[in-house]
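Only one structure is covered here, and it is reproduced in the block below.
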Amino acid sequence: MSTTKATGSGETVTIVSAMDERGTMTVTKPTTGETVEVVDYADELLRERAKTLSPGATARLELTPTEDGTCSLTRLLPGGPALGFGAD
């Protein structure tokens, strides 16, 4: 499990690929177009909740970057985007 501390209050991401057998999940940040791999989880309960996220779904996640360029999931937050994606 990660020993990094969370920074920020979460952001809405789109799930690109569901969690695989190694625990890796890929998400895209719609605001920047950045795609990141989530490889670590703050605890086992959070890991189990993240396992239910399906490709194409959106979720508010608090992600903490790790030294190797991947991310650790520190919180799964309620709610969604304030505006629909693609809104001008």
Side-chain angles (χ1 to χ4, degrees):
M1 281 188 228
S2 174
T3 58
T4 57
K5 290 190 177 187
T7 57
S9 60
E11 98 180 86
T12 301
V13 300
T14 301
I15 310 304
V16 176
S17 63
M19 187 186 301
D20 64 18
E21 63 279 347
R22 296 176 297 140
T24 301
M25 176 174 64
T26 306
V27 302
T28 298
K29 299 177 179 182
T31 55
T32 64
E34 179 185 13
T35 299
V36 296
E37 284 191 332
V38 178
V39 298
D40 193 26
Y41 303 85
D43 59 43
E44 193 58 33
L45 178 60
L46 185 57
R47 181 186 183 103
E48 290 301 313
R49 288 180 63 204
K51 196 182 286 188
T52 66
L53 299 173
S54 301
T58 58
R60 275 187 57 218
L61 306 180
E62 190 170 90
L63 300 171
T64 302
T66 61
E67 292 177 9
D68 65 0
T70 60
C71 287
S72 176
L73 178 58
T74 51
R75 291 177 65 196
L76 179 59
L77 302 162
L83 296 173
F85 296 129
D88 290 346

Same apolar cluster (I L V M F W Y, side chains within < 4.5 Å links), V36/L46:
yes

Linked, directly or transitively: I15 and Y41 (ILVMFWY side chains, under 4.5 Å)
yes

Rounded to the nearest 0.5 angstrom, the CG-CG distance for L45 and L76 is 9.5 Å

Nearest heavy-atom approach of R47 to R22 is NH2-O, 3.7 Å

Name each donor-acceptor pair under 3.5 Å that joins a side chain in residues 50-57 to protein atoms two or more places apart or in another chain, with its distance.
unit_1, atom_1, unit_2, atom_2, d
K51, NZ, E48, OE2, 3.3
T52, OG1, R49, O, 2.7

Could you tell me if the side chain of D40 sits less than 4.5 Å from the side chain of T70, heavy atoms only?
no

Sequence neighbours excluded, which residues qualify as side chain to side chain donor-acceptor pair (under 3.5 Å) partners of T24?
none

Taking all atoms of both residues into account, what is the closest heavy-atom pair of P30 and V13, and its distance?
CD-CA, 3.9 Å

Measuring from atom OG1 of T12 to atom CZ of R60, what distance do you get when rounded to the nearest 0.5 angstrom?
6.0 Å

Please determine whether residues V39 and M25 belong to a single hydrophobic cluster, defined as Ile, Leu, Val, Met, Phe, Trp and Tyr linked transitively by side-chain heavy-atom distances below 4.5 Å.
no

Atom pair CG/CG of L63 and L61 - distance to nearest 0.5 Å
5.0 Å

